[in-house]
Amino acid sequence: MVHYYFDLKNGTTKRDHAGQELRSDAEAIAQANVIADGLSARSATHQDHARHICVIHEDGHEVTRVPIDVAAGKASAPRFKKRS
């Protein structure tokens with residue numbers, strides 16, 4: 001198991017100090033999509049491209065960024081780009 005953090009970025013950063021233990025980068029990306037969908041459902045109706053969930057691996061590298069997109073359909077294609 002690997003520890004991942006899910007930081008909220010919106011011009012400033014709200015750090016996730018607790019994080020979660022997950023099995024893989026893919027599972028962390030799926031969790032980030034769940035978080036982003038939850039935040040977008042509670043957001044205003046306008047779209048803000050700067051808001052995203054940044055997935056951080058326990059070793060400190062960024063795995064991906066998942067946009068918080070209120071205009072995105074819940075059944076749409078994955079909204080992330082894995083970082084190497």
Side-chain angles (χ1 to χ4, degrees):
M1 298 286 272
V2 179
H3 208 88
Y4 292 91
Y5 300 91
F6 302 90
D7 295 347
L8 172 61
K9 297 200 175 187
N10 184 21
T12 60
T13 300
K14 182 176 178 189
R15 298 256 181 237
D16 171 14
H17 295 287
Q20 287 185 303
E21 294 282 329
L22 299 167
R23 290 185 292 258
S24 65
D25 286 0
E27 195 172 292
I29 291 166
Q31 179 62 23
N33 277 293
V34 169
I35 294 167
D37 284 348
L39 290 171
S40 69
R42 294 190 310 257
S43 295
T45 56
H46 72 281
Q47 188 171 351
D48 182 355
H49 295 287
R51 291 178 29 167
H52 61 275
I53 301 296
C54 186
V55 180
I56 307 295
H57 188 276
E58 68 184 7
D59 68 8
H61 80 269
E62 182 178 307
V63 175
T64 194
R65 294 179 185 188
V66 177
I68 299 169
D69 184 358
V70 297
K74 301 299 181 204
S76 63
R79 302 170 306 196
F80 63 86
K81 182 182 209 177
K82 186 166 178 176
R83 303 205 175 241
S84 39

- Given side chain to side chain contact (heavy atoms under 4.5 Å, CB included), test N33 with Q31 step by step and report yes or no. CA-CA 5 Å; N33 277 293; Q31 179 62 23; over 6 Å; no

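- Distance alone, capped at 3.5 Å, is enough to place a donor-acceptor pair between the D16 side chain and the F6 backbone.
- Considering only residues two or more places apart in sequence or on other chains, T12 meets the side chain to side chain contact (heavy atoms under 4.5 Å, CB included) condition with none of them.
- Rounded to the nearest 0.5 angstrom, K9 NZ and R15 CZ are separated by 6.0 Å.
- To the nearest 0.5 Å, atoms CZ (R51) and CG (L39) are separated by 6.0 Å.
- When all heavy atoms of L22 and A28 are compared, the pair lying nearest together is CD1-CA, 3.6 Å.
- Judged by distance alone, the side chains of D25 and Y4 do bring a donor and an acceptor atom under 3.5 Å apart.
- The two atoms that bring V55 and A32 nearest to each other are CG2-CB, 3.4 Å, heavy atoms only.
- Of all the heavy atoms in H52 and P67, the pair that sits closest is CB-CA, 3.8 Å.
- Here the straight-line distance linking atom CE of M1 with atom CD of Q20 works out to 9.5 Å at 0.5 Å rounding.
- Counting heavy atoms from C-beta outward, H57 and V2 have side chains that approach closer than 4.5 Å.
- Put simply, CD1 on I35 and OG on S40 are 12.0 Å apart, with the number rounded to the nearest 0.5 Å.
- Here the side chains of I68 and L8 are in contact, with some heavy-atom distance below 4.5 Å.
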- Yes or no on side chain to side chain contact (heavy atoms under 4.5 Å, CB included) for I29 and V63, after CA distance, side-chain angles and deciding distance? CA-CA 8 Å; I29 291 166; V63 175; 4.2 Å; yes

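- Hydrophobic cluster membership of I56, counting Ile, Leu, Val, Met, Phe, Trp and Tyr whose side-chain heavy atoms lie under 4.5 Å apart directly or via other members: Y5.
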